[in-house]
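Everything below concerns the one structure shown next.
The first residue of the sequence shown is numbered 1, and numbering continues consecutively from there.
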Amino acid sequence: MPHLTNICFEHIDGENLLLRLKDVAVSTGSGLYSALFCPPMSSKPYILPTTKPQASLRFSLGRFTTEQEIDYAIGHIKEVVGEILGLQ
């Protein structure tokens, strides 16, 4: 689906990142398998290690998502990832 993407943040726990994000609506893992601790079927074709799905966030764009909202989300996520990794 062109409006969905799943981004893996290496060396970061997805749940920790999710809890630190403010005003950004994202979720961890696959939409169908987010409650499971095993890798979703959607990640298997990419041969991800089993720890990768827990380190990823799923982003969805809606028809009313604005460019400003996307820019805010990118900046905020970069800031939080930097804090988690001790870069800021």
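Linking ILVMFWY residues whenever their side-chain heavy atoms come closer than 4.5 Å, directly or via other members, leaves Leu19 and Ile77 in distinct clusters. In terms of hydrophobic clustering, with Ile, Leu, Val, Met, Phe, Trp and Tyr side chains grouped at heavy-atom distances under 4.5 Å, Phe9 and Leu85 are assigned to a common cluster.
Between His76 and Asp23, every side-chain heavy-atom pair lies at or beyond the 4.5 Å cut-off. Proximity of Thr5 to Ile7: side-chain heavy atoms (C-beta onward) are separated by under 4.5 Å at one or more points. Side-chain contact between Ile84 and Arg20 is present, with heavy atoms from C-beta onward closer than 4.5 Å.
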Please assess Val24 against Tyr72 for the test side-chain contact (heavy atoms from CB on, under 4.5 Å), listing each intermediate value before the final yes or no.
-> CA-CA 9 Å; Val24 178; Tyr72 171 80; 4.0 Å; yes
Going through the checks in order, is the side-chain contact (heavy atoms from CB on, under 4.5 Å) test met by Leu61 and Ile70?
-> CA-CA 9 Å; Leu61 298 178; Ile70 294 169; 4.0 Å; yes
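Across all their heavy atoms, Cys8 and Ser56 have their closest contact at CA-CB, 3.8 Å. Shown here for Gly14 and Leu57, the closest heavy-atom pair between the two residues is O-CD2, 3.7 Å.
Membership of an apolar cluster is not assigned to Phe64, as no side-chain contact below 4.5 Å to another ILVMFWY residue is traced.
Once rounded to the nearest 0.5 Å, the distance linking CD of Glu79 with NZ of Lys22 reads 10.5 Å. For the atom pair CZ (Phe59) and OG1 (Thr65), the distance works out to 12.5 Å, reported to the nearest 0.5 Å.
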